[in-house]
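Read through the structure below, which is laid out as structure tokens, and then see the notes.
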Amino acid sequence: QVQLVESGGGLVQAGGSLRLSCAASGRTFSNYFIGWFRQAPGKEGEVVATISRGGGSTHYGDSVKGRFTISRDNAKNTVYLQMNSLKPEDTAVYYCAAEATGWRTSYAGSYDYWGQGTQVTVSS
């Protein structure tokens with residue numbers, strides 16, 4: 001079992017930045033791929049970014065490439081999502097999730113453990 005807790009969300013103006021954190025507890029954190037997903041009202045959920053166990057491999061959704069950066073500190077059992085140049089369309093609840101296999105990590109259904117989410121609101 002892995003417990004995940006997101007933090008760092010809030011209200012920011014367009015063009016601003018936020019850094020989300022995903023703190024994990026439970027089983028060995030470094031055994032898990034971590035993904036950030038987001039869900040906006042009336043829209044389908046989408047993958048934001050994923051990171052491999054050691055952090056050497058990352059993947060980004062097309063809508064955030066070049067603006068968001070995912071990283072992890074396994075010593076602190078934490079994954080970060082640095083979000084720059086935020087746009088109103090980035091407004092959503094952001095979730096972090098963990099899965100152990102490394103299989104189809106861009107697919108939300110692959111993930112076994114989820115946090116409760118953190119709200120990000122970008123005003124125009």
Side-chain angles (χ1 to χ4, degrees):
Q1 193 82 341
V2 176
Q3 293 78 41
L4 302 171
V5 179
E6 302 96 335
S7 61
L11 174 64
V12 64
Q13 289 189 333
S17 298
L18 282 174
R19 188 176 81 157
L20 305 184
S21 297
C22 172
S25 61
R27 292 188 176 178
T28 305
F29 179 67
S30 58
N31 288 345
Y32 291 87
F33 283 73
I34 302 295
W36 283 98
F37 294 82
R38 67 186 183 186
Q39 178 75 56
K43 296 183 180 179
E44 288 190 7
E46 62 175 329
V47 61
V48 176
T50 65
I51 191 165
S52 60
R53 298 181 184 96
S57 177
T58 58
H59 166 81
Y60 297 92
D62 288 342
S63 61
V64 306
K65 283 179 181 176
R67 300 189 297 123
F68 290 11
T69 302
I70 189 171
S71 61
R72 68 189 295 163
D73 185 339
N74 285 341
K76 295 183 178 180
N77 287 357
T78 302
V79 169
Y80 305 98
L81 184 68
Q82 179 66 44
M83 306 187 296
N84 298 330
S85 302
L86 283 161
K87 305 175 181 180
E89 50 264 44
D90 294 318
T91 295
V93 178
Y94 285 69
Y95 299 89
C96 67
E99 73 90 23
T101 68
W103 175 249
R104 298 184 69 190
T105 54
S106 295
Y107 174 54
S110 297
Y111 289 78
D112 301 306
Y113 305 103
W114 292 80
Q116 82 290 348
T118 187
Q119 176 71 48
V120 171
T121 303
V122 184
S123 63
S124 57

Determine whether a donor-acceptor pair (N or O, by modelled atom type, separation under 3.5 Å) exists between the side chain of [X] and the backbone of [Y].
X	Y	answer
Asn84	Thr69	no
Arg19	Gly8	no
Thr118	Glu6	no
Thr91	Pro88	yes

Worksheet item: What pairs with Phe37 under ring-ring contact (aromatic ring centres under 6.0 Å, His included), at least two apart in sequence or on another chain?
Response: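 Phe37 satisfies ring-ring contact (aromatic ring centres under 6.0 Å, His included) with Tyr111, Trp114 only.
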Item to complete: Would you give the length of the straight line joining atom CZ of Arg72 to atom CZ of Phe33, rounded to the nearest 0.5 angstrom?
Response: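 These two atoms lie 8.5 Å from each other.
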Worksheet item: Are a donor atom and an acceptor atom from the side chains of His59 and Ser106 found within less than 3.5 Å of each other?
Response: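 On atom types as modelled, these side chains qualify, holding a pair under 3.5 Å.
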Worksheet item: Is there any salt bridge (Lys or Arg N to Asp or Glu O under 4.0 Å) pair reaching into residues 81-103, and which pairs are they, with sequence neighbours excluded?
Response: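 Sorted result for residues 81-103: Arg38-Asp90, Arg67-Asp90.
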Worksheet item: Going by the disulfide (SG to SG under 2.5 Å) test, which pairs reach into residues 66-118, not counting sequence neighbours?
Response: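 For residues 66-118, and leaving out neighbouring residues, the disulfide (SG to SG under 2.5 Å) pairs sorted by first residue read Cys22-Cys96.
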Discussion item. Which residues end up grouped with Phe68 if you chain together Ile, Leu, Val, Met, Phe, Trp and Tyr wherever their side-chain heavy atoms are less than 4.5 Å apart?
Written reply: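 Noted: Phe68 shares its cluster with Val2, Leu4, Val12, Leu18, Leu20, Phe29, Tyr32, Ile34, Trp36, Val48, Ile51, Tyr60, Val64, Ile70, Val79, Leu81, Met83, Leu86, Tyr94, Tyr113, Val120, Val122.
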Discussion item. Test question: given the 4.5 Å side-chain rule for I, L, V, M, F, W and Y, name all other residues clustered with Trp103, or answer none.
Written reply: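 Direct or chained contacts put Trp103 with none.
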Worksheet item: What closest approach, in Å, do Glu46 and Ser63 show between heavy atoms, and which atom pair accounts for it?
Response: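 The answer is OE1-OG, 3.5 Å.
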Practice prompt. Provide the closest heavy-atom pair for Thr78 versus Ser21 in the form atom of the first, atom of the second, distance.
Written response: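 In this case the closest contact between Thr78 and Ser21 is CG2-CB, 4.2 Å.
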Worksheet item: Who passes side chain to side chain donor-acceptor pair (under 3.5 Å) against Thr121, sequence neighbours left out?
Response: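 Side chain to side chain donor-acceptor pair (under 3.5 Å) list for Thr121, sorted by chain: Gln119.
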Worksheet item: Is Gln13 close to Ser123 at the side-chain level, that is, under 4.5 Å between some pair of heavy atoms?
Response: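 Yes; the side chains approach each other to less than 4.5 Å.
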